[in-house]
Amino acid sequence: MYKVICTVLLLMILVSCSSGNTENQTSSTSPATSTLKSTFEQETGSELSFEIANKEQGLSPNDFDTVYAVCKSFLNNFYAGIKPGNIFDTDIYCDNAEFKEYIAMKMEKIKQLSNVNSADVSYGLTDIEWLTDDESVFVEISAVSQHEYGASSAAHKLIIKNVNGHLSVRDWYSGGGNIGILDEVARGKNIEMNKPDIWEDSSFTDEVFEKISKYDSR
């Protein structure tokens, strides 16, 4: 069991989420929606790797580069998916049906509350903690998005798990403005995240979806 925590931001990584860098976005004249490819694949021309360094030893700090690349790609496609006409395909990142359904609800709520389209997003690693099961890692990333009305910030918390040698996004919580409104309603404020299998708990998912239903029926 080991634990590594990085609490000092050393580098801000600028990643463009503009329409010019998203090859599958629809034009303004097309009513059709488009499903976004991995942003990593769009920018490098290669497929995003979800494979860990040593499948027998589980997840370790040696997998940091791959873990962080998966997190950035996930968030890039999230921000791009907010734009009208785009669909965030979570199948390449997530393997739990309830979690994917929740993400779709989260995206829909954000689009309802805001018409801001982020042009560029910068990321900074805030915290990383290798969880005690040796198969999962908690990652917190700060994001600042630039748009036509100025800039907005959000904090994203993710749990990445090694599932048979393949990295999977197992949980995600956002804080900050409209980005985190559904998380706050369904899960509360400033939650602690350390359960990579939480979306497999039916009592948890039932409570989450019930809270969303009550919020939407106000």
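No hydrogens, no waters, no symmetry mates; every other heavy atom, side chains included, goes into these values. On a predicted model such as this, the values are computed, not experimentally measured, just so you know.
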Measure the CG-CD distance between Leu182 and Gln112 for me, rounded to the nearest 0.5 Å.
9.5 Å
Is there a side-chain contact between Trp130 and Phe138 (heavy atoms, below 4.5 Å)?
no
Side-chain (Ser217) to main-chain (Ser213) donor-acceptor, under 3.5 angstrom:
yes
As an exercise, state the distance from CD1 of Ile92 to OG of Ser73, rounded to the nearest 0.5 Å.
5.5 Å
For Asn194 and Ile159 the tightest heavy-atom approach is N-CD1, 3.9 Å
Here the pair of heavy atoms bringing Ser142 nearest to Thr126 is N-OG1, 3.6 Å
Can you check whether Ile103 reaches Phe78 side chain to side chain, under 4.5 Å on heavy atoms?
no
Between the side chains of Glu207 and Arg187, is the shortest nitrogen-to-carboxylate-oxygen separation below 4.0 Å, so that they form an ion pair?
no
Ser168 side-chain N/O to Arg170 backbone N/O, donor-acceptor pair under 3.5 Å:
no
Can you tell me if Tyr102 and Thr205 form a side-chain donor-acceptor pair at under 3.5 Å?
no
Identify the two heavy atoms, one from Asn86 and one from Ala80, that lie closest to each other, and give their separation to 0.1 Å.
ND2-O, 3.0 Å
Check Leu158, Asp127, Ile128 against Glu140 for a side-chain contact (heavy atoms from CB on, under 4.5 Å) and give me the one that passes.
Asp127
Test salt bridge (charged side-chain N to carboxylate O under 4.0 Å, His left out) on Lys109 and Asp216; report intermediate values, then the result.
CA-CA 10 Å; Lys109 183 61 62 179; Asp216 288 339; 2.9 Å; yes
Could you check whether any side-chain heavy atom of Ile160 comes within less than 4.5 Å of a side-chain heavy atom of Cys71, counting everything from C-beta outward?
yes
Grab the two heavy atoms, one from Phe50 and one from His166, that are nearest each other, plus how far apart they are.
CB-CE1, 3.1 Å
Give a yes or no on whether the backbone of Leu59 and the side-chain of Asp63 come within a donor-acceptor separation of less than 3.5 Å.
no
Are Met107 and Ile141 connected, step by step, through hydrophobic side chains (Ile, Leu, Val, Met, Phe, Trp, Tyr) whose heavy atoms are closer than 4.5 Å?
yes
For Tyr215, all residues meeting ring-ring contact (aromatic ring centres under 6.0 Å, His included), sequence neighbours excluded:
none
Determine whether Tyr123 and Tyr68 make a side-chain contact, defined as any pair of heavy atoms from C-beta on separated by less than 4.5 Å.
yes
Just checking, is any N or O donor in the side chain of Lys106 or Ser174 under 3.5 Å from an acceptor N or O on the other one?
yes
In terms of heavy-atom contacts, does NZ of Lys195 have more than 12 from other residues, nucleotides or ligands at under 6.0 Å?
no
Under 3.5 Å: donor-acceptor pair, side chain of Asn77, backbone of Phe74:
no
Ignoring hydrogens and geometry, is there a side-chain-to-backbone donor-acceptor pair from Asn96 to Phe99 under 3.5 Å?
yes
Kindly indicate, with the supporting measurements, whether the criterion salt bridge (charged side-chain N to carboxylate O under 4.0 Å, His left out) is fulfilled by Lys157 and Asp171.
CA-CA 8 Å; Lys157 301 177 180 180; Asp171 199 7; over 6 Å; no
Check: Glu129 and Val137 side chains under 4.5 Å, non-hydrogen atoms:
no
Measure the shortest side-chain to side-chain distance between Cys94 and Trp199 over non-hydrogen atoms and say whether it is less than 4.5 angstrom.
no
Taken to the nearest 0.5 Å, the spacing of His156 NE2 from Tyr173 OH works out to 12.0 Å
Could you check if a side-chain atom of Phe88 sits within less than 4.5 angstrom of a side-chain atom of Tyr79, using non-hydrogen atoms only?
no
According to a hydrophobic-cluster definition based on side-chain heavy atoms being under 4.5 Å apart (Ile, Leu, Val, Met, Phe, Trp, Tyr only), do Trp172 and Val163 belong together?
no
Beyond-backbone contact of Phe204 with Glu98, side-chain heavy atoms, under 4.5 angstrom:
no
Under 4.0 Å between a Lys/Arg side-chain N and an Asp/Glu carboxylate O for Lys189 and Asp183?
no
Cut-off 3.5 Å, side chains only: do Gln146 and Asp120 have a donor facing an acceptor?
no
Salt bridge (charged side-chain N to carboxylate O under 4.0 Å, His left out) evaluation trace for Lys211 with Glu184
CA-CA 10 Å; Lys211 287 180 179 179; Glu184 184 176 322; over 6 Å; no
